[in-house]
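This report concerns only the one structure given below.
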Amino acid sequence: MRKLTIAGFALATALTAGCATTDQGAVDEATATANSAEQTAENALNTANSAASTARSAEQTAEEALAAAKAAQQAAEEANERAKRMLQRASQK
């Protein structure tokens with residue numbers, strides 16, 4: 001009977017150790033998954049920051065192009081006015 005009790009304790013200890021090992025494996029797997037998710041999130045953040053920087057640069061370029069277009073339009077309007085005045089003078093002669 002005593003041998004049976006000792007064997008029972010040994011079996012219980014072995015099962016507990018097996019469960020602990022399995023639990024540690026699950027913890028390790030969960031940690032690896034969490035680390036992978038964290039890396040993916042960091043990569044996504046870096047990509048978003050890069051995209052935002054590119055968008056700001058594109059916006060700045062667009063604003064510069066708009067300013068240049070407005071200046072060209074004003075120059076064209078002034079040239080049209082000069083041409084109109086020249087035609088009026090020419091028609092009066």
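Index from 1, following the sequence.
Residues satisfying the salt bridge (charged side-chain N to carboxylate O under 4.0 Å, His left out) test with Lys84, not counting sequence neighbours, are Glu81. Here Glu38 pairs with nothing under the salt bridge (charged side-chain N to carboxylate O under 4.0 Å, His left out) rule; sequence neighbours left out.
Pairs passing the side chain to side chain donor-acceptor pair (under 3.5 Å) check and including a residue from residues 50-63, sequence neighbours excluded, read Gln60-Glu64.
Atom-to-atom distance recorded for Arg85:CZ and Asn80:CG is 11.0 Å, nearest 0.5 angstrom. For the atom pair CE (Met86) and CZ (Arg82), the distance works out to 9.5 Å, reported to the nearest 0.5 Å.
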